[in-house]
Amino acid sequence: MTKRSNRSSSRINITTSLRLKPSGETRTILPDSISSFSHFFDATKGQLQCYSNACSRTIDEFLNGRNCTVFVYGQTGSGKTHTLFGPPNSFHSNTLNNDATEAFQNIKIPVSWGAFPRIVLSLLSKSKISSGITATAVEIYMDNCYDLMRDGQKIAVAGFGRSRKVSGRGSFLETSEVRRDSAGKWIPPRTLVEKPANEGYEMRGAKSLILTDVHTLLEFMSVVEATRTSKSHKLNERSSRSHCVITLSVPAISNAKYMCVDLAGSERIMKTGTIDNELKAAEARNINTSLTSLGRCINALASGNPSAFVPYRDSVLTMLLKQSLGGSCYTSVIITGTEDATMHSETMSSIQFGMRCSRVSNKEQAAIAQMKRESDREEVKSELLAELRVIDEEIESLVATGRSGGLNMDFPNSLRQSFSENMRKYHHHKSSLSICKQQIKSGQRGLEKARQYEESQVKNLQGILLRSMTTGVYTDPCSRYIKIVQRRIDILSTLRGMNVDVASVPNIEVPLTLVHLARGYEG
């Protein structure tokens, strides 16, 4: 009996909450099983109550060094984005002047703001955080990861620890080294790989911003709202067509990550009317496929079988959520549904998903051990600085050998200058277009012609650059160069968050490649 109680005390269940969107006359009948949810929010509960009950505990857990995750799940149009962020156009510059009626953490904010801005403001109010919060934002669209802070540039999702990519059908790494034990017996490669205590997947090269006050929060969220892919259909005028993952960290305190995930809504294409639109139907299929992968992971974790296989690698979404499900993370899941009786089956499906989540437990002792390993901040700084020096040396070597890509010096100077000028114009108009879209979404009028002009310039220059690249005047960098540049960006971002002076270190951006340019402007 004693052993069993010790085992259970070292685990903590995922916290689940249910929030229902009000409907018209006909209301769905809820099952008695909703009592298994930690919290229930009906139409009378506001954004503050939802945050206080479902998310407030994560603040202290995060500051104590534990990874935390809040994600919202539900059918399309059930209020996921509203719950996590707030209604559309909630983060323009006039918000604090005209709509701020609620006092939250001694700051006047709109009462409609969701959980994420309240999480950020709660963290900034703590005395521990003096250097700000490092924030990144990506979207998972059509099972690819795109950086919202870089106007939707595609980035890599790579594994670390035992989750790193391996070769062949087995789970061991390639090695040219042959080892034998004291008896001369061959040691298989699998045993040469040390099993690290920490493993998972992470985004490589995502651009980060430092959030220091409510104004930097507004700037960050306005970019996220303007850049994220969204379209309209019968059930939702502003339907998110991608999963949005925002990651917060405070490197000066610990290596813990706080993830806020706004999942795209599950949908039936017959009800949404997207069956006749090939692109929207493909988006719906990808959304439903990734949510199905998430459901399979939850089913495996909730089975109670410690040896059950959990298919994290089935989708990019489940890769990023690996550390949040069944690991050492404190996770809060908010299920959103609707009281509308016509959506009864979709609401019941979401509720069943939440009930399965409540049966998943994370390892508490692993988190405590992780906090102890991360206690020495100076050691982490020295390791990052040493890795940065090694990366810079490798970059110099790749540049010297011509593997970093760039202009082909065998072409005439006039062609090289023309390509460089077109590339400069492309980035200029792309940036202007992004700013114009943000201003339009913030409510400014009279900018539609400017948006159309910038969009036409981007498309024209994109075509010119693509044709030039096919002639060989510009060559793509090797994959190794892109990988280490992405890692370099991550290191500099972490060092800035740890208050390390890296102002003299030159920035190297991930180069624009032919594949990324050919993706096309998606509007």
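Every value quoted in this text rests on a predicted model; they were computed, and no experiment measured them. Throughout, numbering of the chain's residues begins at 1 and tracks the sequence.
Neither side chain, T338 nor Q75, offers a donor N or O lying under 3.5 Å from an acceptor on the other. Under 3.5 Å, the side chains of T83 and R19 contain a donor-acceptor pair of N or O atoms. With no hydrogens or angles considered, a side-chain donor-acceptor pair links Y51 and S122 at under 3.5 Å. Side-chain atoms of T58 and Y258 include a donor-acceptor pair closer than 3.5 Å. Between the side chains of D490 and S493, no donor-acceptor pair is found at a separation under 3.5 Å. Side-chain contact check for S293 and S290: no donor-acceptor pair (N or O, by modelled atom type) lies under 3.5 Å.
A donor-acceptor pair is defined here as one N or O able to donate and one able to accept, closer than 3.5 Å; such a pair exists between the side chain of H243 and the backbone of A264. Looking only at distances, no side-chain donor or acceptor of T16 sits under 3.5 Å from a matching main-chain atom of C357. At distances below 3.5 Å, not a single donor-acceptor pair connects side-chain atoms of T227 with backbone N or O atoms of V224. When atom types are taken as modelled, the side chain of S249 and the backbone of P251 share no donor-acceptor pair closer than 3.5 angstrom. Formation of a donor-acceptor pair under 3.5 Å by the K126 side chain with backbone atoms of D60 is not found in this model. Remark: the backbone N or O of C329 is not paired with any side-chain donor or acceptor of E61 at under 3.5 angstrom. Side chain of Q47 to backbone of S112: a donor-acceptor contact under 3.5 angstrom is found. For the pair S78 (side chain) and G74 (backbone), a donor-acceptor distance under 3.5 Å is absent. T216 contributes a side-chain N or O that, together with a main-chain N or O of D213, makes up a donor-acceptor pair within less than 3.5 Å.
A salt bridge does not link D147 to K154: none of the charged nitrogens lies less than 4.0 Å from a carboxylate oxygen.
Crowding of K45 atom NZ: a count of heavy atoms from other residues, nucleotides or ligands under 6.0 Å exceeding 12. Sparse packing is recorded around CD of E219, with 12 or fewer heavy atoms of other residues, nucleotides or ligands lying under 6.0 Å away.
Centroid-to-centroid, the aromatic rings of F91 and W113 come within less than 6.0 Å.
Atom OG1 of T15 sits about 11.0 Å away from atom CG of N53, to the nearest 0.5 Å. For the atom pair F37 CZ and I334 CD1, the distance stands at 11.5 Å (nearest 0.5 Å). Rounding to the nearest 0.5 Å gives a distance of 10.0 Å between CE of M142 and OG1 of T289. To the nearest 0.5 Å, atoms CG (N67) and CE (M259) are separated by 9.5 Å.
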Verdict with supporting geometry, L18 and I351, side-chain contact (heavy atoms from CB on, under 4.5 Å):
CA-CA 8 Å; L18 175 63; I351 290 176; 4.1 Å; yes

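Taking the six-membered ring where tryptophan is involved, the planes of F220 and F116 are tilted, since the angle between them lies from 30° to 60°.
Both cation-pi conditions hold for R118 and F104: the charged atom is under 6.0 angstrom from the six-membered ring centre and inside a 45 degree cone around its axis.
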